[in-house]
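Working notes, structure below.
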Amino acid sequence: MPPRSPNILAGPYLERAAHRRKDEAHVQAALANPETLFVPVWQTRSSILRQGELLTAHFVTGAQTLPGIDPNELVLLGEFRGQAVFAVGLSGERPQLTDPGIDFQDLRMIAGALPPEEAGLLAYARAMIHWRDTHRFCGRCGSPTQPSDGGHVLRCSNEACRSQQFPRIDPAVIVLVTDGERALLGRQAAWPPGRYSTIAGFVEPGESLEDAVVREVREETGVEVDVVDYHSSQPWPFPSSLMLGFTAHASSTEIVRVDDELEDVRWWTRAEIAGGAVALPITHSISFRLVEDWYDSDADRPLREEPGVRMWQLPRR
């Protein structure tokens with residue numbers, strides 16, 4: 001079987017150049033270089049340039065174009081298209097932009113419309129700024145933290161403590177359960193009408209990924225699975241998840257909702273999905289890809305070509 005192409009937000013979209021992070025001379029030279037790229041993040045939103053129907057990432061070039069930015073707030077992401085690139089978190093009111101085509105948007109909803117390498121870079125920047133914003137104080141003694149290593153390490157400022165914090169991600173399993181002919185999908189009460197998705201949940205301490213799949217499916221649906229296979233993974237920095245995708249075969253099909261995590265859980269046939277009976281996840285999510293790969297494995301026409309298939313979108317904020 002040929003290797004799967006990376007999911008959106010994944011892939012070799014930049015050279016991380018981790019060895020450069022501890023080189024303070026390199027960091028300072030990059031900050032002084034007018035060709036250096038900066039990725040602005042404001043209130044978790046990414047800076048986007050719209051030209052007609054085309055969306056691209058909006059980069060700021062040159063440190064001199066970022067007045068009032070504390071260099072300690074920057075995070076060296078690596079090298080993108082031959083240039084050093086930093087993430088920069090913006091605070092306060094919405095930044096005033098001279099180009100009406102530039103706006104701060106929710107990356108979760110538009111990632112699939114961006115060039116894949118730009119979507120990945122914006123996701124990386126968003127994740128790093130979120131980590132920095134939520135780890136400004138030491139979790140051991142409560143003292144302020146100070147950045148080092150290009151912003152990838154936060155050290156406690158208390159000389160008696162000096163503990164270090166590193167970027168963290170939250171692993172979560174996401175699984176398409178099938179009985180061969182049907183797919184098991186659930187919905188949360190807060191979602192728009194008709195929206196359903198695959199089963200997902202966070203991995204708990206002391207738990208393997210496979211064990212997490214079995215537990216989450218049982219807890220949310222009452223269905224038991226007997227075969228669990230890894231599919232692929234996707235960074236999902238909303239705010240800091242890594243989605244680990246699986247498929248699973250159901251050994252029981254009776255649905256019993258044990259908790260209130262989901263409002264509804266149902267089995268759906270390919271015909272129902274193709275006919276728009278259910279609104280599927282956004283196409284750049286690993287959830288959609290799990291459904292799509294299962295659907296396409298035994299269908300006369302690819303899912304994306306079905307005229308009646310229905311996708312959901314979250315409202316713009």
Side-chain angles (χ1 to χ4, degrees), residues 6 9-42 44 46-47 57-91 107 116-171 233-242:
L9 307 183
Y13 51 83
L14 89 162
E15 171 54 61
R16 292 178 181 253
H19 63 287
R20 298 283 199 180
R21 297 169 187 167
K22 295 183 179 181
D23 186 345
E24 187 60 25
H26 171 79
V27 174
Q28 293 304 317
L31 289 174
N33 186 341
E35 301 300 318
T36 292
L37 303 175
F38 294 85
V39 183
V41 180
W42 176 72
T44 74
S46 302
S47 184
H58 168 247
F59 301 109
V60 177
T61 57
Q64 73 279 6
T65 63
L66 292 169
I69 296 297
D70 184 349
N72 287 328
E73 294 297 310
L74 301 172
V75 180
L76 178 62
L77 301 180
E79 297 174 359
F80 183 72
R81 296 173 179 168
Q83 301 295 336
V85 58
F86 290 82
V88 54
L90 304 179
S91 59
L107 181 63
E117 70 278 6
E118 293 184 1
L121 180 65
L122 295 186
Y124 181 20
R126 188 189 192 282
M128 291 301 296
I129 294 301
H130 172 78
W131 170 69
R132 291 286 299 274
D133 285 346
T134 54
H135 291 78
R136 294 187 177 277
F137 296 92
C138 176
R140 179 175 295 173
C141 74
S143 299
T145 55
Q146 298 172 332
S148 66
D149 295 32
H152 287 259
V153 178
L154 293 174
R155 289 188 169 88
C156 178
S157 59
N158 181 357
E159 291 296 335
C161 180
R162 299 302 288 174
S163 64
Q164 301 181 82
Q165 300 184 68
F166 301 89
R168 292 289 187 265
I169 56 174
D170 302 316
S233 63
Q234 181 180 42
W236 199 249
F238 310 109
S240 56
S241 297
L242 173 64

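The two atoms that bring Gln165 and Gly139 nearest to each other are NE2-N, 4.1 Å, heavy atoms only. Heavy-atom minimum distance, Ile129 versus Gly89: CD1-N, 3.4 Å. Across all their heavy atoms, Glu79 and Leu14 have their closest contact at O-CB, 3.4 Å. Taking each heavy atom of Leu9 and Pro237 in turn, the nearest pair found is CD1-CD, 4.1 Å. Between Pro235 and Ala10, the closest heavy-atom pair is CD-CB, 3.7 Å. Looking at every heavy atom in both residues, Arg162 comes nearest to Cys156 through NH1-O, 2.7 Å.
Under a 3.5 Å cut-off, the side chain of His135 and the backbone N or O of Pro167 do not form any donor-acceptor pair. For Ser240 (side chain) and Ile169 (main-chain N/O), no donor-acceptor pair under 3.5 Å exists by modelled atom type. A distance-only check finds no donor-acceptor pair linking the side chain of Ser163 to the backbone of Cys138 [under 3.5 Å]. Of the possible polar contacts, one joining the Trp131 side chain to the Phe166 backbone as a donor-acceptor pair under 3.5 Å is found.
Relative ring orientation between Phe38 and Phe86 is described as parallel, the plane-to-plane angle staying below 30° on a 0-90° scale split at 30° and 60°. The aromatic rings of Trp236 and Phe238 sit perpendicular to each other, their planes meeting at more than 60°, with 30° as the lower class boundary.
To the nearest 0.5 Å, the span separating CG on Leu90 from CD on Glu73 amounts to 10.5 Å. Here the straight-line distance linking atom NZ of Lys22 with atom OG of Ser148 works out to 8.5 Å at 0.5 Å rounding. Distance check, rounded to the nearest 0.5 Å: CD of Gln28 to CG of Asp23 gives 10.5 Å. Here the CD atom belonging to Glu15 is positioned 9.5 Å from the CZ atom belonging to Arg20, to the nearest 0.5 angstrom.
The only option from Thr36, Val27, Val85, Asp149 that meets the side-chain contact (heavy atoms from CB on, under 4.5 Å) definition with Leu76 turns out to be Val27. The only member of Leu77, Leu121, Thr61, Val60 that meets side-chain contact (heavy atoms from CB on, under 4.5 Å) when paired with Leu37 is Thr61.
Crowding of Arg140 atom CZ: a count of heavy atoms from other residues, nucleotides or ligands under 6.0 Å not exceeding 12.
Remark: Glu35 does not engage Arg81 in a salt bridge, criterion side-chain N to carboxylate O under 4.0 Å.
Using a 3.5 Å distance cut-off with no hydrogens or angles, the side chains of Arg155 and Gln164 do pair a donor with an acceptor.
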Test side chain to side chain contact (heavy atoms under 4.5 Å, CB included) on Thr44 and Arg126 and set out the steps. CA-CA 6 Å; Thr44 74; Arg126 188 189 192 282; 3.2 Å; yes
Could you go through His152 and Val75, starting from their C-alpha distance and side-chain angles, then the distance that decides it, and tell me whether this counts as side chain to side chain contact (heavy atoms under 4.5 Å, CB included)? CA-CA 7 Å; His152 287 259; Val75 180; 3.8 Å; yes
Chi angles and distances behind the side chain to side chain contact (heavy atoms under 4.5 Å, CB included) call for Gln146, Asn72: CA-CA 8 Å; Gln146 298 172 332; Asn72 287 328; over 6 Å; no
Show, in sequence, the C-alpha distance, side-chain angles and deciding distance for Ser143 and Cys161, and conclude whether the side chain to side chain contact (heavy atoms under 4.5 Å, CB included) test is met. CA-CA 9 Å; Ser143 299; Cys161 180; over 6 Å; no
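Counting heavy atoms from C-beta on, the side chains of Val39 and Tyr124 never come closer than 4.5 Å.
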